Amino acid sequence: MHLSETDRETLLKTLNARSPELIQARMANALLLLAEGLSTEDVAGLLFLDEASVAGWQEMFSKHSPKAA
């Protein structure tokens, strides 16, 4: 599949929207992938996120659910 630069920018802009629902869904997706054994780096790459966000969500989740850590 090929995306034009405009299409790519539009899709990335959609992914980076700041709606709480979208952020919550992306965090859930990241945590599920981490639980499957993927590394923080791999999850960030797959979801077009920065590693710090993924690591922060993982840390926040483990503080609220110590058994998950």
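Predicted model, so just to flag it, every value in this text is computed and none were measured.
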To the nearest 0.5 angstrom, please state how far the [atom1] atom of [X] sits from the [atom2] atom of [Y].
{"X": "His64", "Y": "Glu59", "atom1": "NE2", "atom2": "CD", "answer": "10.0 Å"}
{"X": "Trp57", "Y": "Ile23", "atom1": "CH2", "atom2": "CD1", "answer": "7.5 Å"}
{"X": "Arg8", "Y": "Thr6", "atom1": "CZ", "atom2": "OG1", "answer": "12.5 Å"}

> Could Glu9 and Lys13 be called an ion pair, given the rule that one side-chain N must be under 4.0 Å from one carboxylate O?
Replying inline: no
> Quick one: do Leu46 and Met27 end up in the same hydrophobic cluster if we chain Ile, Leu, Val, Met, Phe, Trp and Tyr together by side-chain heavy atoms under 4.5 Å apart?
Replying inline: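 Yes, same cluster.
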> Are Leu47 and Met60 linked, directly or through other ILVMFWY residues, by side chains that come within less than 4.5 angstrom of each other?
Replying inline: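 Looking at the clustering, Met60 is in the same group as Leu47.
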>> Which residues end up grouped with Phe48 if you chain together Ile, Leu, Val, Met, Phe, Trp and Tyr wherever their side-chain heavy atoms are less than 4.5 Å apart?
In response: Leu12, Leu15
Which donor-acceptor pairs under 3.5 Å do side chains of residues 30-41 form with protein atoms, sequence neighbours excluded?
unit_1 : atom_1 : unit_2 : atom_2 : d
Ser39  : OG     : Asp42  : N      : 3.0
Ser39  : OG     : Asp42  : OD2    : 3.3

